[in-house]
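All remarks here apply to the structure that follows.
Just the heavy atoms: all of them, side chains too, but no hydrogens, waters or symmetry mates, feed the values below. First the proteins, then the strands, lettered A, B, ... as listed; each starts at 1.
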2 protein chains.
Amino acid sequence: MRERLSGIDRPTIVDVAKVADVSRQTVSRVLSDHPRVAPATRRRVEEAIENLGYRPNRMARALVTRTSLTFGFAAVDMRNSHFGDTCSGMQSAAREHGYYLVVTELDFDDDRGMGTLETLLTLGVDGVAFFPSFFADKEIELFAATSGCPVVMIGREAKIPNVVSIAMDEDRAADLVVGHLVDTGKRRIGILMNEMFPEVVHGRFVALQRAVTERTEVGNPPVEAGHPKIQQGRNATKKLLTKHPDVDAVIGFNDTMAMGALLACHDLGLRVPEDVAVVGYDGISFGAITNPPLTTIVQDSIGMADAAFKALLAAVQNGTPPDGEVVSWQPELLTRGST
Amino acid sequence: MRERLSGIDRPTIVDVAKVADVSRQTVSRVLSDHPRVAPATRRRVEEAIENLGYRPNRMARALVTRTSLTFGFAAVDMRNSHFGDTCSGMQSAAREHGYYLVVTELDFDDDRGMGTLETLLTLGVDGVAFFPSFFADKEIELFAATSGCPVVMIGREAKIPNVVSIAMDEDRAADLVVGHLVDTGKRRIGILMNEMFPEVVHGRFVALQRAVTERTEVGNPPVEAGHPKIQQGRNATKKLLTKHPDVDAVIGFNDTMAMGALLACHDLGLRVPEDVAVVGYDGISFGAITNPPLTTIVQDSIGMADAAFKALLAAVQNGTPPDGEVVSWQPELLTRGST
DNA sequence: CTGTTAGCGCATTCAG
DNA sequence: CTGAATGCGCTAACAG
């Protein structure tokens with residue numbers, strides 16, 4: 001037997017069979033809880049498994065069953081709380097159902113990430129869930145068509161064949177945010193946009209623009225863009241407030257940018273929320289400790305993760321790929337000191 | 001051919017061979033960049049691959065080569081910045097070297113996580129890196145002995161056979177923190193400990209206790225424990241400061257707990273750092289936006305991730321398992337407004 | 001209830 | 001330079 005590079009070889013089903021003095025097939029039956037195995041035989045096999053420290057090789061199993069009980073998950077940055085929460089949520093859901101989650105990060109600089117999703121496929125996952133970030137709808141459609149497994153997209157509301165889309169209701173979120181700002185007396189609202197992923201940003205941007213136009217007297221809101229990070233949010237806010245000194249409220253694409261806005265206001269000697277109100281999106285836990293604490297749109301990451309897993313599971317169990325279904329999720333406004 | 005549950009079947013090497021009118025082996029040679037393939041043949045095969053959208057099945061390949069070009073990574077919570085940064089760092093390192101990282105979260109409530117590491121193995125990874133969190137040294141030793149692949153542990157300094165340990169120099173970190181506090185005039189230092197993972201905590205705790213005892217006049221420092229979260233840090237700090245009103249500095253097990261300490265001081269009407277100084281561990285980015293900004297011990301997550309990957313790669317390439325090596329990493333103190 | 005045969009998709013011998 | 005056989009570890013289908 002060729003040895004693994006690492007030295008020690010793990011026992012195989014044959015080793016177990018030999019020790020238990022049965023055929024491989026019987027061992028296989030014990031492993032899969034097949035009913036028709038004599039109790040005594042079963043015991044012998046289980047003992048052998050225990051003694052040898054045997055663990056079935058899931059790759060070999062998947063090769064023949066064409067099912068790995070594994071789903072893939074991908075996002076650009078697991079440390080981003082919304083992505084991370086969703087990832088954790090899917091891990092839990094998967095575990096509960098005897099599934100396993102293979103997680104990988106998408107790299108914008110690399111191959112724009114599509115190759116990473118492909119690699120996930122070659123690893124034999126039964127389905128894929130991911131945050132589309134910088135992918136175009138067309139790319140996703142092509143991927144889904146050739147993937148040979150169910151595909152779930154989280155965070156963008158788009159009707160794509162063979163893809164289930166799970167996303168927050170951006171219109172509702174925008175109405176909540178803008179409505180709240182207007183209710184608290186704000187009249188000139190600026191927006192901090194994410195320049196990194198135009199595709200995903202689009203829905204949120206359009207919704208915000210509509211809500212601002214509808215609910216305030218000034219037409220199109222002033223916009224600055226930057227990467228969705230604290231420092232970039234800070235810089236973008238400074239530019240925004242310098243160009244438009246009448247702005248009395250800033251909406252950040254996400255909480256991180258909004259945190260930057262908080263810092264920018266401090267830099268410029270503006271009081272929050274008296275001079276400028278600040279709102280973010282996501283509801284990350286660190287929003288509670290900023291000064292003042294951040295008002296934000298909370299997405300139900302866990303609920304969405306659960307829905308994503310269920311969609312994948314249903315598709316696998318029914319043997320039918322998903323069909324352009326869109327699952328809409330309701331946002332909530334968490335009001336804190338920054339507004 | 002049996003169909004996948006999901007319907008569409010992905011093309012195999014045989015399909016490519018048929019289209020290119022060659023044998024499977026020739027396709028295999030093209031895939032592995034074997035030199036002795038006629039240019040014309042190679043072109044035909046490459047075209048067929050392109051047209052069919054063929055991607056090699058890594059499971060089948062791993063089964064015969066006994067190498068998956070995949071490493072496993074596990075930690076309790078990817079959203080924890082230090083874990084997340086390390087994970088990202090390993091992803092990058094892996095990508096650069098043609099490797100792939102399979103990430104999974106350890107679940108304390110489940111099986112205390114060891115089963116999760118086992119599952120990683122059954123997935124066919126060539127090596128495993130993980131944060132030991134709640135694992136005992138003995139458990140890890142057993143796992144490493146039977147894993148059949150190199151094992152790297154990050155975040156605990158322990159000499160375990162067949163395991164490379166990559167960890168921060170806790171003594172040095174403790175000296176930096178306590179030295180700094182003493183230098184700024186603090187005399188009565190309290191500690192916020194992590195009650196969740198006694199094993200990993202131990203090293204940091206012992207180091208801090210020693211440093212405090214050595215550098216201040218009061219002997220053993222007062223300690224409160226809680227989960228490594230903001231609210232738990234807040235509660236623990238309140239208890240600590242109520243029981244010991246003379247405490248003028250609080251060291252948090254990590255930044256999150258230290259943030260809780262900041263809130264607790266605010267709750268109690270204490271000024272930071274005048275009345276009570278606060279220090280954390282990790283150097284997470286949100287530490288920059290607290291009020292006041294958090295002084296913290298910064299670990300070089302990326303560097304450690306790189307070292308972990310390199311250790312795994314070296315072990316695989318040399319065909320020898322690691323042998324209880326301990327790689328020590330130097331901490332740095334990032335001084336900000338909270339001290 | 002248990003064993004035998006066949007083959008999942010691929011790479012590694014060994015022949016031509 | 002290319003093809004045919006063999007087997008990685010496992011399960012499905014069929015015998016008995």
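Looking at T67(A) and D126(A), their side chains never bring a donor and an acceptor atom within 3.5 Å of each other. Side-chain contact annotation: T119(A) with R58(B), donor-acceptor N/O pair under 3.5 Å absent.
Remark: K138(A) engages E141(A) in a salt bridge, criterion side-chain N to carboxylate O under 4.0 Å. Ion pair R42(A)/D33(A) flagged as a salt bridge, since at least one NZ, NE, NH1 or NH2 atom sits closer than 4.0 Å to an Asp/Glu carboxylate oxygen. Taking a cutoff of 4.0 Å between a charged side-chain nitrogen and a carboxylate oxygen, E118(A) and R10(B) qualify as a salt bridge.
Heavy-atom nearest nucleotides on DNA chain D were determined for Y54(A) and for R29(B), and the one closer to the 5' end corresponds to R29(B). Along DNA chain C, the nucleotide closest to Q25(B) and the one closest to L63(B) are compared, and the more 5′ of them pairs with L63(B).
The distance between atom CZ of R24(B) and atom P of dA4(D), rounded to the nearest whole Å, is 10 Å. Spacing between atom CE of M59(A) and atom C1' of dA11(C) amounts to 14 Å, rounded to whole angstrom units. Rounded to an integer number of Å, the gap from R61(B) CZ to dC8(C) C1' is 16 Å. One interatomic measurement links the two molecules: CG of D33(B) to P of dT12(C), which rounds to 13 Å at whole-angstrom precision. Spacing between atom CG of L121(A) and atom C1' of dG9(C) amounts to 15 Å, rounded to whole angstrom units. Atom P of nucleotide dC1(C) and atom CZ of R44(A) are separated by 14 Å, given to the nearest angstrom. In this structure, D15(B) places its CG atom 11 Å from P of dC8(C), rounding to the nearest Å. A straight line from CD1 of I13(A) to P of dC8(D) spans 13 Å, rounded to a whole angstrom.
Nucleic acid contact class of T41(B) (heavy atoms, under 4.0 Å, all strands): sugar-phosphate only.
Taking side-chain N and O atoms only, T12(A) has no distance below 4.0 Å to OP1 or OP2 of dG9(D). OP1 or OP2 of dT11(D) has at least one side-chain nitrogen or oxygen of S28(A) nearer than 4.0 Å. Taking 4.0 angstrom as the limit, T26(A) places a side-chain polar atom (N or O) nearer than this to OP1 or OP2 of dG3(C). At dG9(D), one or more side-chain N or O atoms of R66(B) fall inside 4.0 Å of OP1 or OP2 (strictly under the cut-off).
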